[in-house]
Chemist: 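First the structure, then my questions, so here it is.
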Amino acid sequence: MTLRDSTTRSKPGGRAQPEASLSRILVVDDDASVRTLLRRLLERAGYSVEEAPTAEAGLATIRTDPPDLVFLDLQLPDRSGHSVLEEIRSNPATRLLPVVMLTGFASSEDKVRAYELGVTDFLAKPFSPDELLPRVRSLVLLKLFADEHEHAEHMIVTLARTIDARDPYTAGHSARVAEYAELVARRMDFDGTTLLELRRGALFHDLGKIAVSDAVLLKPGPLTAGERGVIQKHPVVGTELLAPMKTMLKTLPIVRFHHERLDGSGYPDGRSGADVPLTVRIVTVADVFDALTTTRVYRAALSREAAYEIMEEEVRRGWWDGEVLRELQAAVAERETPPARDAEIS
Ligand SMILES: [Fe+2]
Ligand SMILES: [Fe+2]
């Protein structure tokens, strides 16, 4: 394979970019000349570069210490580039890792398949630094932003867990609400993006309780009107905390409206009927179900049947969505039922 090596040309603005020193790039290609050329070009721009001559060697690095960008050959001696890409995308730790596929003689089917598997970009061989470096820079910056975003989201999840943990009775509440909500949404055929928004909303729904003091949050006796007022602000406080994050935009209605009732008797806005979106109805039902079936500071846990009885009555009163409750009941029952054995099917 011939490669156009133009590294000897001095490039204006070819100095190392500040983010380059923070970034590790992995080149997975069985052709040593391609690896050497990429290494030379990228190292000159300030990146640190690792090489892997086989799919398995590349995946070993990606699994143990994921780089910030991968150049991946389509045809490797031991596995196809497609299958490497598939593994990268199926691992939560590397699902956002930018992968640039190196293509020499790739057919359009190969490219379509790579797109379907979530390739970030293609780079046709032979290549020159002029096309390589600007693309690498934008991909590396994207990865740094994605890392920052994941870090911020991780911090909020930790914060949500911390709030649950303040009250020993509600430890794990947000995670369970997210799990119930997701089970219901899957039964209702939600798409992947909406599922993610729903899950986030459920995880963060009580984030605003951070502003409620322990004296009120953990009070065993009945609350005064003033104390109830403080607690009832948590949907608004949670929304205000998350609002500056752009990626939380679709999550905000869930946080703000999770105490609304379909007849308009909920808080904080007294929304009703169609003004309460389906995602909110699902989280609300999951929230109420978990609250009833776990021990609280003011009462013992109810059995599942007793909780359903109360919630069915509340559906009749016009508070909750009856279809969502039925889906929750079916989802919980399904989760409890062990899958049928093959022998019993045949
Ligand atoms: Fe709440
Ligand atoms: Fe809650």
Side-chain angles (χ1 to χ4, degrees), residues 156-185 197-220 222-223 225-243 248 251-272 275-302 304 307-308 310-311 314 319-321 324-325 328 331-332:
I156 297 175
V157 172
T158 308
L159 197 61
R161 279 202 198 120
T162 312
I163 294 156
D164 282 356
R166 269 169 76 195
D167 178 351
Y169 292 111
T170 61
H173 167 67
S174 301
R176 285 193 303 271
V177 171
E179 195 195 334
Y180 290 134
E182 194 176 335
L183 286 174
V184 171
E197 286 156 7
L198 181 88
R199 203 179 156 73
R200 274 193 192 139
L203 274 177
F204 306 147
H205 75 277
D206 277 338
L207 193 68
K209 284 191 178 169
I210 196 163
V212 182
S213 72
D214 282 355
V216 175
L217 198 65
L218 308 179
K219 187 175 173 182
L223 299 174
E227 289 165 342
R228 208 170 303 120
V230 170
I231 286 203
Q232 291 192 348
K233 278 199 186 124
H234 79 270
V236 175
V237 174
T239 312
E240 284 167 357
L241 283 171
L242 293 170
M248 292 293 162
T251 301
L252 298 182
I254 297 176
V255 178
R256 177 148 188 140
F257 305 138
H258 75 273
H259 283 288
E260 299 290 0
R261 294 170 179 164
L262 296 181
D263 66 354
S265 66
Y267 64 88
D269 301 306
R271 285 199 158 214
S272 62
D275 287 339
V276 182
L278 183 56
T279 48
V280 176
R281 297 170 186 220
I282 291 174
V283 172
T284 303
V285 163
D287 187 27
V288 173
F289 178 68
D290 186 66
L292 290 173
T293 51
T294 49
T295 301
R296 292 293 164 117
V297 70
Y298 43 86
R299 59 145 176 76
L302 299 180
R304 198 173 293 163
Y308 288 153
I310 291 172
M311 292 180 77
E314 290 171 347
W319 290 6
W320 323 129
D321 185 315
V324 171
L325 178 59
L328 175 85
V332 169

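Here, residue 1 is the first one in the sequence, and each next residue gets the next number. Counting starts at 1 for both ligands and their atoms, in listed order.
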Chemist: Sequence neighbours left out, what pairs pass salt bridge (Lys or Arg N to Asp or Glu O under 4.0 Å) with at least one residue falling in residues 277-290?
Modeler: Arg176-Asp290, Arg281-Asp321
Chemist: Report the protein N/O/S neighbours of the Fe ion (ligand 1) that fall below 2.8 Å; do not count waters.
Modeler: Asp206 OD1, His234 NE2, His258 NE2, His259 NE2
Chemist: What residues form a salt bridge (Lys or Arg N to Asp or Glu O under 4.0 Å) with Glu179, not counting sequence neighbours?
Modeler: Arg335
Chemist: Please report the shortest heavy-atom distance between Thr251 and Glu197, naming the atom on each side.
Modeler: OG1-O, 3.9 Å
Chemist: Is the shortest heavy-atom distance from the side chain of Leu183 to the side chain of Val332 under 4.5 Å?
Modeler: no
Chemist: Partners of Ser265 by side chain to side chain donor-acceptor pair (under 3.5 Å), sequence neighbours excluded?
Modeler: Arg261, Asp263
Chemist: Is it true that His259 and His234 have ring centroids separated by less than 6.0 Å?
Modeler: yes
